[in-house]
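Heads up: the structure comes next, in structure tokens.
In what follows, chains are A, B, ... by sequence order, proteins preceding strands, each numbered from 1. Quick caveat: nothing in here was measured; it's all calculated off a predicted structure.
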Number of protein chains: 2
Amino acid sequence: MITKLLKDANCSSCTVRSRALFGSVDEQNVRLTQKYRDKHCYFSAGEILHREQNKIDYAFTLYSGCLILYNNLSNGDRQILRVTLPGDFVGFSRNSKGELPYSIKAVTDSRICLFFDANVLQMTSEHPEIAKRLIDLQLNDTVLCQQRLLNLGQKSSTEGLAYLIMELYSRIKVQSPKEFDFKTGETFFPLNQADMGDALGLTKVHINRIIATFKNEGLISCGHKKLKIINEERLSEIGQFDIGLIKDPFRHFS
Amino acid sequence: MITKLLKDANCSSCTVRSRALFGSVDEQNVRLTQKYRDKHCYFSAGEILHREQNKIDYAFTLYSGCLILYNNLSNGDRQILRVTLPGDFVGFSRNSKGELPYSIKAVTDSRICLFFDANVLQMTSEHPEIAKRLIDLQLNDTVLCQQRLLNLGQKSSTEGLAYLIMELYSRIKVQSPKEFDFKTGETFFPLNQADMGDALGLTKVHINRIIATFKNEGLISCGHKKLKIINEERLSEIGQFDIGLIKDPFRHFS
DNA sequence: CGACCTTTTGATTGGCGTCAAAATCTGTGG
DNA sequence: CCACAGATTTTGACGCCAATCAAAAGGTCG
């Protein structure tokens, strides 16, 4: 899928490095891992990078932009499983046939950098600290996923949406600080109302009504792909969102 | 929490080994890893092994029995995040303070074997193949968690329950084959109706009504902690459950 | 045998889905 | 710079799925 979209550039031109993957690795090792990185490529908003059940033989880090990972059901409904932001690592978890179990779509123009499987294998063997780093990234993803289970299973639609907004907003401030305008307090916000519905198992109509109440109550203001949270404390409270989840990642080795 | 419940025995007496953790490690190495294992201990049904936000400095494998990992909300509601079966590994993902973000409770009499953090650290350094195995276990857990997101977010209560039953049933057949009676087709089934409700975000009353329809339609029969699936194919279809998810785990290195 | 837990059943309520249409915004090309 | 097509947001009316409340029946275990 991705191969036909590969651009020529190799990764020596990448100026942004994968914070998530190499964050705990010292500078010398980062330079060493340079050689394991392969092609990087660009996608524009709306492009589908991968369709669930198709095979791939690489993983990648997101350099810029925003992707959603999702599953489709037979009736056409869609569940968003994860929203990835710059620095996130994507593309492990394949079955014996090499099939990745979710689809991937760019919600904004995005730039990724590929790591082919053979290179990941070699990299983790030669740099055990990177293997441990991979465990930790995976552990944290699992915790976030479990928190979303809690969100979908036990919270009301209002609580769930408050949580979703706070979680994404907090991650954007950490992972894409450039998108946050300190003058106005406005952040770029990648999801539209239909997307939020698909993340929470609600209809876009209902999402719209909840957002309307949030606006009325002076909690947020938002426009096209823009979000300003006016009362962060109250919104966190409604969503039972704990900022520690983002600021203090769950891990084991690092 | 666990320490005060520790029984004296050390792990040399363990006859069951952690299939999940050492499944891909050769016999010689398994014997080597023996030394990293610490105490093992027992819990009876209903005992709480750990309360969310408390600190621990070990992880463990479940040897026998069944545990649930869950979160409580402030209003008393509970979301079951994961049901662990023999062979499963539990207890990574802690934050900087060493806090594990979920509670753990034994739903049946259970036996676990501890690995203290220091030993896991040493073990993964000395046996890189175990580090990679840990990544894979974690990857598969994440995929299962994501499938439960799909379950909660997009499926009807009937579909969701069919999926839950099929998933647990299939995992029991693989991970606790002794619990499956080939003569009667009956399996031990650890969850009661309230638990299933807490796993799916539904009330026990509603679970009961759905189970009644499953019985009426001749799909299952069940009694106290016992389950017999009469029409496996149809139940899988209703739940949109794919047995490959269990039989062909998602992974990257092994 | 009795206390407690789990399952079962009924009646009523409300949250969110569904359907439909209008209003607004966005990006594109002339 | 405006016109237009398409996407996204907004609003309204109505219906249904699952929650809630309540109580009885059945099982399990000490």
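- Residues F182(B) and F180(B) place their aromatic rings such that the two centres sit under 6.0 Å apart.
- Between Q193(B) and the phosphate of dC5(C), there is no side-chain N or O to OP1/OP2 separation shorter than 4.0 Å.
- When the P atom of dT9(D) is taken as reference, atom NE2 of H224(A) falls 9 Å away, rounded to whole Å.
- One can place CG of D77(B) at 11 Å from P of dA19(D), the figure rounded to the nearest angstrom.
- Within 4.0 Å of G197(B), counting heavy atoms only, lies no atom of the nucleic acid at all.
- Per the geometry, CG belonging to N216(B) stands 12 Å off C1' belonging to dT8(C), to the nearest Å.
- Seen from the ring of Y42(B), R111(B) does not count as a face-on cation partner, given the 6.0 Å and 45° thresholds.
- Taking the nucleotide of DNA chain C with the nearest heavy atom to each of H206(A) and G223(A), the more 5' of the two is matched to H206(A).
- Note on R78(B) versus D195(B): salt bridge recorded, some NZ/NE/NH1/NH2 to OD/OE distance being below 4.0 Å.
- Contact annotation: T203(B) side-chain N/O to dA19(D) OP1/OP2 distance is under 4.0 Å.
- Distance from the side chain of S156(B) is smallest to dA18(D) among dA18(D), dT8(D), dT11(D).
- Computed from coordinates, the N192(A) CG to dT24(C) C1' distance equals 15 Å when rounded to whole Å.
- K225(A) places its NZ atom 11 Å from the C1' atom of dA7(D), with the value rounded to the nearest Å.
- Candidate nucleotides dT8(C), dG12(D), dC25(C) were compared by shortest atom distance to the side chain of K215(B), and dT8(C) ranks first.
- At a cut-off of 3.5 angstrom, the base of dG15(C) holds no donor-acceptor pair with the side chain of R209(A).
- Using a 4.0 Å heavy-atom distance criterion, G201(B) is classed as a sugar-phosphate-only contact.
- The separation between I210(A) atom CD1 and dC16(C) atom C1' is 9 Å, rounded to whole Å.
- Ion pairing of E179(A) with K173(A) is absent here, as no side-chain N (NZ or NE/NH1/NH2) approaches a carboxylate O to less than 4.0 Å.
- The residue S157(A) sits close only to the backbone: its heavy atoms come under 4.0 Å of sugar-phosphate atoms, none of a base.
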Q: Evaluate the criterion side chain to side chain contact (heavy atoms under 4.5 Å, CB included) for residue pair E99(B) and E52(B); output intermediate values, then yes/no.
A: CA-CA 8 Å; E99(B) 299 162 346; E52(B) 55 202 275; over 6 Å; no
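- Remark: P of dT10(D) and CZ of F214(A) are 14 Å apart, rounded to the nearest angstrom.
- As a whole-Å value, the separation of I211(A) CD1 from dT8(D) C1' is 11 Å.
- Within 4.0 Å (heavy atoms only), L202(B) reaches sugar-phosphate atoms of the nucleic acid but no base atom.
- Contact annotation: N208(A) reaches the phosphate of dT10(D) (side-chain N/O to OP1 or OP2, under 4.0 Å).
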